[in-house]
Visitor: 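One structure is given below, represented as structure tokens, and several questions about it will come after.
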Amino acid sequence: MAITITMGIQKGGCGKSTTTGVLAYLLSKDGYRVLAIDMDSQGNLTELLSKKPANEFVEKSVLEAMQYRDPKKYIVQIDENLDLLPANNFLATFPRWIYTGITYTGDKIKYHGNPSLVLDETLEKVRNDYDFIVIDTPPSLSEQTTNALCASQYVVVLFECSNWCYSAIPNFMDSVDGARRHGRHNTRLLGILRTMNDVRRNDAKAFNEMIEEDYPNEVFKTIITRKAPIGRLSLYGFDQNNELEQALEQYKNFYKELMERVNSR
Ligand SMILES: Nc1ncnc2c1ncn2[C@@H]1O[C@H](COP(=O)(O)OP(=O)(O)OP(=O)(O)O)[C@@H](O)[C@H]1O
Ligand SMILES: [Mg+2]
């Protein structure tokens, strides 16, 4: 059965989508069968992996997969070992559908289950087809995020070294605890990854140290710094990208640490 990992933090712009895309790519190149799931209506992971506008996946996305409980129909093959369940702006109607039973196209599909377990129940049909499922989440503690957490064994928290990200962490950890109590996968923290680090800034250095003191066993040793080739992954993607090796350099150390943790649990 697939090991499922959610990337999250409700603060925006902390490297969630970038890290999810890179992790999915590295796992697939390592020979694992990977399903990447975009649970953010922004569709950034979708565009990063597919190199197509998220609007191309309207009515062909994770939202319909959940509404019709039919993930296979909506999974898109990206590469030999890499599949994607895409998202687009209509994923923002997910909560409205759960609570009213009316989809954004006006269809009636009443949902009677636990509002946080829709994704988990949907994935039952494909968990045996993959070694890893990695899930990107939006910058909010919304239904998309609680569904991703409840569908996962592991969570990686993205920490961009700033005050507002620091203050987001306790509530996010509460949501992980909630998923452990209400979900079916004993959802737990795999680690905290410091991202988009500006090594020259003293405040960033201070937050690096604070998070290490608060969560000494959870923070990954690897720190992802701000690098133009990582930022430009959103432009060039993983295919025919001349600076891909530079973009992946730091992430390979994170990948090694992450796999050690997965394999030791
Ligand atoms: N290490 C990095 N160096 C430079 N730019 C980066 C780095 N990591 C991510 N970026 C860029 O920073 C922006 C935010 O990253 P990303 O979209 O991955 O964050 P996010 O947490 O998914 O954001 P959101 O909360 O909006 O979903 C993007 O434009 C991305 O290309
Ligand atoms: Mg994102």
Side-chain angles (χ1 to χ4, degrees), residues 5-26 36-51 53-54 57 61-62 84-89 91-92 94 134-149 152 155-169 171-172 175 191-201 204-205 207-208 211 219-239 241 243-255 257-258:
I5 309 176
T6 281
M7 311 288 148
I9 189 72
Q10 73 273 33
K11 170 80 179 71
C14 296
K16 293 179 287 293
S17 304
T18 303
T19 304
T20 312
V22 171
L23 180 59
Y25 176 83
L26 290 174
I37 304 179
D38 196 345
M39 282 299 277
D40 183 2
S41 63
Q42 294 183 91
N44 295 153
L45 178 71
T46 298
E47 298 197 342
L48 173 63
L49 293 179
S50 74
K51 283 188 142 182
F57 299 99
S61 73
V62 65
L84 169 71
L85 250 181
N88 58 69
N89 278 297
L91 184 55
F94 178 55
V134 292
I135 311 178
D136 187 24
T137 55
S140 66
L141 290 173
S142 61
E143 278 77 357
Q144 286 98 299
T145 302
T146 55
N147 268 270
L149 292 174
S152 301
V155 182
V156 172
V157 174
L158 286 302
F159 180 63
E160 174 258 333
C161 295
S162 73
N163 191 29
W164 289 342
C165 196
Y166 187 75
S167 61
I169 294 227
N171 286 345
F172 190 81
S175 294
I192 300 173
L193 177 66
R194 290 165 286 185
T195 54
M196 306 180 67
N197 220 257
D198 198 338
V199 281
R200 287 161 305 182
R201 276 175 58 168
K205 279 185 205 157
F207 279 110
N208 269 343
I211 199 81
V219 282
F220 291 102
K221 285 194 187 70
T222 306
I223 299 177
I224 309 290
T225 62
R226 276 183 202 272
K227 287 262 182 206
I230 301 179
R232 282 194 291 262
L233 276 172
S234 63
L235 195 58
Y236 300 137
F238 296 94
D239 196 25
N241 176 345
E243 53 184 23
L244 184 63
E245 274 314 303
Q246 290 150 274
L248 297 181
E249 206 181 354
Q250 304 179 53
Y251 271 111
K252 283 184 177 168
N253 297 326
F254 160 64
Y255 179 71
E257 277 192 79
L258 177 133

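Whatever order the structure lists them in is the order used to number ligands and atoms, beginning at 1.
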Visitor: Given that the side chain starts at C-beta and the backbone is N, CA, C, O, which of these parts of S17 lies under 4.0 Å from ligand 1, counting heavy atoms, or is it both or neither?
Guide: both
Visitor: Taking non-hydrogen atoms only, is K16 closer than 4.0 angstrom to ligand 1 via side chain, backbone, both or neither?
Guide: both
Visitor: Between G13, C165, G21, S234, which one has a non-hydrogen atom sitting closest to atom 14 (C) of ligand 1?
Guide: G13
Visitor: What's the shortest heavy-atom distance between D40 and A87, and which atoms?
Guide: O-CB, 3.4 Å
Visitor: Between I224 and ligand 1, is there a nitrogen or oxygen pair with a distance under 3.5 Å?
Guide: no
Visitor: Measure the distance from atom 30 (C) of ligand 1 to every protein heavy atom, then report the residue, atom name and distance (to 0.1 Å) of the closest one.
Guide: T18 OG1, 3.8 Å
Visitor: Going by distance only, is there an N or O of D136 that falls short of 3.5 Å from an N or O of ligand 1?
Guide: no
Visitor: Tell me whether S17 has at least one N, O or S atom under 2.8 Å from the Mg ion (ligand 2).
Guide: yes
Visitor: Quick one: which ligand 1 atoms are inside 4.0 Å of a heavy atom on G12?
Guide: 25 (O)
Visitor: Name the closest protein heavy atom to atom 3 (N) of ligand 1, giving the residue it belongs to and the distance to 0.1 Å.
Guide: K227 N, 2.9 Å
Visitor: Does L158 have a non-hydrogen atom less than 4.0 Å from ligand 1?
Guide: no
Visitor: Judged on heavy-atom distance to atom 2 (C) of ligand 1, which of I230, V22, D198 sits nearest?
Guide: I230
Visitor: Output yes when the distance from some N or O of ligand 1 to some N or O of T19 is under 3.5 Å, and no in every other case.
Guide: no
Visitor: Is there at least one pair of N or O atoms, one from Y251 and one from ligand 1, spaced under 3.5 Å apart?
Guide: no
Visitor: Around K221, counting heavy atoms of other residues, nucleotides and ligands shown, do more than 12 lie under 6.0 Å from its NZ?
Guide: no
Visitor: Which residue from A247, P229, P139, G231 reaches closest to atom 11 (C) of ligand 1 through any of its heavy atoms?
Guide: G231
Visitor: Could you work out, for atom 27 (O) of ligand 1, the closest of Q42, R226, Q10, M7 by heavy-atom distance?
Guide: Q42
Visitor: Nearest to atom 1 (N) of ligand 1, what protein heavy atom do you find, and at what distance?
Guide: T225 O, 2.9 Å
